[in-house]
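Following: one structure in C-alpha cells, then a few remarks.
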Protein chains: 2
Amino acid sequence: MTLSEEDYIKAIYHLGKGENTTVSTNAVAEQMETKPSSVTDMVKKLSEKGVANYKPYKGVSLTEYGQKIALSLVRKHRLWEVFLVEKLDFSWDEVHEVAEQLEHIKSEKLVDQLDKHLGFPQVDPHGDPIPSKKGEFKKAIKKLLNEIPIGKSGICVGVKDSSPPFLKFLDKNKIALGDTILVLDKEEFDGSIDIQIKERTIHISSQIATNLYLKITE
Amino acid sequence: MTLSEEDYIKAIYHLGKGENTTVSTNAVAEQMETKPSSVTDMVKKLSEKGVANYKPYKGVSLTEYGQKIALSLVRKHRLWEVFLVEKLDFSWDEVHEVAEQLEHIKSEKLVDQLDKHLGFPQVDPHGDPIPSKKGEFKKAIKKLLNEIPIGKSGICVGVKDSSPPFLKFLDKNKIALGDTILVLDKEEFDGSIDIQIKERTIHISSQIATNLYLKITE
DNA sequence: ATTAAAATTTAGACAAAGCTAAATATTTGT
DNA sequence: ACAAATATTTAGCTTTGTCTAAATTTTAAT
C-alpha cells in the first residue's frame, strides 16, 4: 500500500466508526481535505485491489482485508502515541501529527518490539484502545465521571462546562486532560465521589463529576 | 523536501564521503538503483532549489544548505539505529532498512527528545558518529585492533581473516560484530593486548588483534 | 589527433495522485 | 410526480518522479 492509499483506508475506517459502514464519497473528501473527484478515482483503485467495496453513487466500505489494514494502521498510530508521551515526554495533544507519519513505517518487527517496549499498553494517551496484533480490541466510550462505576478507570478527555471557574478548579486540583482517573467510591446521598489521580486520592463533588468527560473501555 | 529529494541528497552526500565532493550522475544512479536520466532530472531540480550545484556533464555536489539537510538526515538515521538496537533489541545488522524509513519523519521535537531519551549517544551501532544538532561530528575510521592506542575504544565492524578457525575463536570468546571493545593495555614484546568487552576483560594475542577491524572516532 | 567507447543529457512517454469543469445520478421539497 | 438542489462521476489537464531511446558530450586508445 502506498502512503496515500493507507490514508484513504484510515479515513474510510474512521468515518465508518470502526463498524463496517458504507460511507459517501463526499464524506471521505471532507475528511481527507481533498476533492470528491479524487476520492472517486482512489476508491476505484482500492476496489480493484480488493481493499474496498465500491458501487458508483452508492458509497464505499472496506473489505475484510481493508479492515485488517485499517486496524494495523490504528494499532501503529496509537502505539507510537504512547511512545511519544511515555518515553519522549510529548504532551497528549502534540502527538497526533507525528504519529500520523510514524504509522506508515513498514516493519512488523518494529511494531511488535515497540509494543513490548511499552509494556503492551491497552489504550493510547487519549484513552482510545489499541488493537491487538490480530486486530481485536475493545470499544471506547465517552462518559461523564459520575456515570462511571466504582473500580473502573478512564482517561480525562474533556469538559461539559468550560467556564473559567470550572477550569480554574481543575487546574488547582491538578486535573488535566490526558490524566487517568480511577473511581474509588461513590456517595449515594450527594453524588460526590472519591477518585484516584496520579497517586493522589481526592474527593470530588457531584457538580464536578457531572461536568468531566472520561473515556473508558467497556 | 520530498522523500525522493531527501534520498538523492543522502546519496550525493554519501558518495562524496561527507567531504563536499562532486559526484557523477552515473554514480548517483547506481547508488540509488535508478537510471542516469532520472538523476539528471532530479539534480536539476535540486539545483534550482539551492540544495545542489550542478553543471551539465560535470557532476553534482551539495551546497552548504544541501549539506545541512544531509547531516540532519544522517543524524536522524543514526539516532533511530541506536534506538532500534538499544531499546527494541534489534541486532546491529537489522536496523538499516527501518532507519531508512524513520529518517524521513519530520519533527524537530521528535529528534531532540529521541536524542535525549537515548542519552545523547556519540556513535551508532556500526560505530559511525552521530552529528550534533548543529551538524558537527567527528570522523570515524576503521583500524585493526592492534593499531588502536591504549585507552581508546571502538566498535567491532569486521575481520581481515575470515577463516573458520578465526571465526570460531571469536565465537568462543563471545566477540561479535557490533561489540564495543576498549583497549586496556598493550604488551610491547609480543603485540598481545588486554581488552575490555561487555564488562569482561580478556587477553588477546597479536594474531587476533591484527585481524579484527574496529571503528573508532578520532 | 582522431575515433571508438563511455558517460550524460534530451525528448517523449507513463503511472500516481491530484485538480477543475462539465455531465449525470440521486435526493428532496412541494 | 416532478423540478430543483445536491451528490457523484467523467473527462481532460497538471505535477512528480520515473523510464526508454536517441542525441550529444567527454574520455580514452591508438
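All of these numbers come straight from a predicted model, not from anything done at the bench. Residue numbers begin at 1 in each chain, while the letters A, B, ... track the order of the sequences.
When rounded to the nearest whole Å, the span between CD of A:E5 and C1' of C:dA15 equals 12 Å. Taking atom CD on B:E33 and atom P on D:dT18, their separation rounds to 12 Å, with Å as the unit. Taking atom CG of residue A:D41 and atom C1' of nucleotide D:dT10, one finds them 9 Å apart after rounding to whole Å. A:Y8 places its OH atom 11 Å from the C1' atom of C:dA16, with the value rounded to the nearest Å. Across the protein-nucleic acid pair, A:K35 atom NZ and C:dT20 atom P stand 5 Å apart, rounded to whole Å. Between the P atom of C:dA16 and the CE atom of A:M1 lies a distance of 13 Å, rounded to the nearest Å. The interatomic distance linking B:E6 (CD) with D:dT16 (C1') rounds to 15 Å, in whole Å. In this structure, A:L3 places its CG atom 17 Å from P of D:dT16, rounding to the nearest Å.
Crowding of A:E30 atom CD: a count of heavy atoms from other residues, nucleotides or ligands under 6.0 Å not exceeding 12. Atom NZ of B:K116 sits in a sparse spot, with 12 or fewer heavy atoms from other residues, nucleotides or ligands closer than 6.0 Å. Dense packing is recorded around NZ of A:K152, with more than 12 heavy atoms of other residues, nucleotides or ligands lying under 6.0 Å away. Summarising the local packing, NZ of B:K106 is surrounded by more than 12 heavy atoms from other residues, nucleotides or ligands at distances under 6.0 Å.
For B:K109 and A:F90, the positive end sits near the middle of the six-membered ring, less than 6.0 Å away and at most 45° from its axis.
For the side chain to side chain contact (heavy atoms under 4.5 Å, CB included) test with A:E81, the passing option among A:H96, A:E86, A:E94 is A:H96; the others fail.
Using a 4.0 Å heavy-atom cutoff across all strands shown, A:S4 reaches sugar-phosphate atoms only and no base atom.
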Listed pairs, N/O of protein and of nucleotides 5-9 of chain C, under 3.5 Å:
residue: C:dT8; atom: OP2; partner: B:N26; partner atom: N; Å: 2.9
residue: C:dT8; atom: OP2; partner: B:N26; partner atom: OD1; Å: 3.3
residue: C:dT8; atom: O3'; partner: B:Y57; partner atom: N; Å: 3.4
residue: C:dT9; atom: OP1; partner: B:Y54; partner atom: OH; Å: 2.3
residue: C:dT9; atom: OP1; partner: B:Y57; partner atom: N; Å: 2.8
residue: C:dT9; atom: OP2; partner: B:T25; partner atom: OG1; Å: 2.9
residue: C:dT9; atom: OP2; partner: B:T40; partner atom: OG1; Å: 2.8
residue: C:dT9; atom: O5'; partner: B:Y54; partner atom: OH; Å: 3.4
residue: C:dT9; atom: O4'; partner: B:Y57; partner atom: OH; Å: 3.4

